[in-house]
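Counting begins at 1 with the first residue of the sequence. In each ligand, atom 1 is the first atom listed, and ligand 1 is the first ligand listed.
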Amino acid sequence: MMDLKYGASREKPREDAAMKRFRGHRVGQFIHWGLYALPAGRWEGKDVEFAAEFLPRVAKIPQHRWEALANDFTLADFDAERWADTAVALGARYMTITTKHHDGFCLWPSAHTDFHMGNTPSGRDVLGELVAAYEARGIDVNFYYSVLDWRHPDWRFTLENDADNLAFARYLDFAMKQLVELAERYPSVKGFWFDGTWDESVKANGWWTWEVERMLKERIPGVVVNSRLRADDFGARHVDSNGLLMGDYESGYERRLPEPWDRSVAAHDWEACMTIPQASWGYHQGPWAQSTLKHPWDVVDMIAHCTSLGGNFLLNFGPRGDGSMAPAEVEIARTVGQWLGVNGEAIYGCGFAEGWEYPGWGYFTQDSSTGQVFAVVTREPASGRIRLELPTGMELVGLQLLGSAGHPFNEHPFKRLAGSVFEVDLGGATSAGPLVFALETGAITGPVAEKE
Ligand SMILES: Cc1ccc([C@@H]2N[C@@H](C)[C@@H](O)[C@H]2O)cc1
């Protein structure tokens with residue numbers, strides 16, 4: 001093991017109450033909102049078929065024209081209570097909001113820049129209103145912060161000479177001051193989600209990323225920080241040069257999951273974040289985005305996929321320029337939330353079911369407190385039957401379809417094929433969306449046919 005000054009601060013996952021709370025949430029609401037929601041992927045009458053939050057770069061918009069958008073950011077239809085109600089409808093237990101994205105615009109009245117909410121027509125403190133509204137509903141708030149800042153004069157992608165080093169040192173000082181400001185203004189925040197840390201300039205300053213994590217944890221005990229912030233002494237990111245995870249959970253899964261089912265990720269805490277359109281985090285009004293919205297049952301599959309491997313799932317919403325949530329996204333939230341309302345006990349507080357193999361037709365999840373195992377059937381086979389392979393030596397005693405209120409176990413029929421292998425005919429099981437069964441299991445005691 002190398003002796004690292006700025007490597008991982010622990011070898012095992014955190015087991016304190018704050019981390020256990022974050023881990024048990026399983027479902028979060030990501031929100032990308034900023035000036036980019038105003039053009040919403042369209043510039044000078046043309047749709048730019050790329051992520052809406054990248055518009056200033058992709059459409060090469062002059063800085064002064066981008067900054068002028070702040071005058072149109074009136075928040076005419078922004079209502080933090082309505083946003084928080086969408087999170088409740090989704091069944092989200094936490095929310096992560098873009099405090100500052102790559103364009104440098106701040107959703108709070110920062111004392112360290114002029115590019116912020118205070119210099120918009122309403123002057124409202126969007127972060128303050130959101131923290132109040134979400135916490136009033138018992139939903140934890142996390143802050144997304146982009147270290148990358150296209151607007152700041154001292155930002156550097158690479159460090160070619162002393163002048164670059166001096167400028168970037170000023171930039172890191174600015175960013176640290178903003179992070180201290182966020183921690184001081186909003187001390188109830190539960191986590192920081194860092195982005196924009198892939199450039200050489202940041203990788204060459206692993207010490208700063210280590211200092212940021214230390215500062216935040218000193219000021220907000222229990223705060224949770226994602227691995228994407230961190231670079232070590234040698235510029236290694238997420239995982240240090242000794243192979244140890246930095247930060248509190250791995251956050252490399254962006255618009256992808258551990259396919260087809262990579263059990264290695266279950267060894268640590270992790271979170272996947274996902275757009276509702278194919279590839280835009282900010283609201284994009286064009287058919288390029290609006291014709292690619294995910295189906296609610298695909299979202300449920302992703303939630304169960306993450307849970308089955310011990311990870312959280314952060315579903316992104318891109319509110320429109322006036323502050324209203326996009327109706328199509330609210331509808332998806334409602335449908336997923338209704339499913340979670342019936343089947344959430346297989347998700348919240350659940351994780352990897354040790355000893356249970358990937359079944360292909362869905363996922364096994366296990367309640368981390370009770371040990372109860374669930375089968376989440378998201379890919380029903382054409383036969384209408386699923387094969388349940390239990391860990392060797394175990395047998396199926398009973399099956400209960402979640403949502404079939406009041407019935408004891410044994411409610412749903414099954415038959416043994418051999419040993420610990422059972423077959424369930426899904427016929428007759430009805431539920432809106434993917435079926436979930438609670439499994440009652442026991443040790444095989446009597447003689448049974450050997451496993452085939
Ligand atoms: C190449 C690339 C850079 C940054 C991103 C940002 N990370 C996501 C979480 C969004 O914030 C997106 O703008 C996506 C792709």
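Between F317 and W83, the distance from one ring center to the other does not fall under 6.0 angstrom. Taking the six-membered ring for Trp and the full ring otherwise, F22 and Y249 have centroids separated by under 6.0 Å.
Between W281 and ligand 1, no pair of N/O atoms sits closer than 3.5 Å. For the pair H32 and ligand 1, the shortest N or O to N or O distance falls below 3.5 Å. At a 3.5 angstrom cut-off on N or O pairs, W198 does not count as close to ligand 1.
In terms of protein heavy-atom proximity, atom 8 (C) of ligand 1 is closest to E254 OE2, 3.3 Å. Nearest protein heavy-atom neighbour of atom 6 (C) of ligand 1: D195 OD2, 3.3 Å. Of all protein heavy atoms, the one lying nearest to atom 2 (C) of ligand 1 is F54 CZ, 4.0 Å.
Per-residue contacts place H101 under 4.0 angstrom from the following atoms of ligand 1 (heavy atoms of the residue considered): 10 (C), 11 (O), 12 (C), 13 (O). Near H102, with a cut-off below 4.0 Å to any heavy atom, the atoms of ligand 1 are 4 (C), 6 (C). Those atoms of ligand 1 that come under 4.0 Å of a heavy atom in Y144, given as number and element, are 11 (O). In the vicinity of E53, heavy-atom distances shorter than 4.0 Å reach the ligand 1 atoms 12 (C), 13 (O).
For the residue pair S324 / D322, a side-chain donor-acceptor distance below 3.5 Å is found, with atom types taken as modelled.
Note on R185 versus D125: salt bridge recorded, some NZ/NE/NH1/NH2 to OD/OE distance being below 4.0 Å. Ion pair D269/K20 not flagged as a salt bridge, since none of the NZ, NE, NH1 or NH2 atoms sits closer than 4.0 Å to an Asp/Glu carboxylate oxygen.
Taking the centre and axis of the six-membered ring of Y348, the NZ or CZ atom of R93 falls inside the cone set by 45° and 6.0 Å.
Considering NE2 of H25 and CD1 of I347, their distance stands at 15.0 Å, rounded to 0.5 Å.
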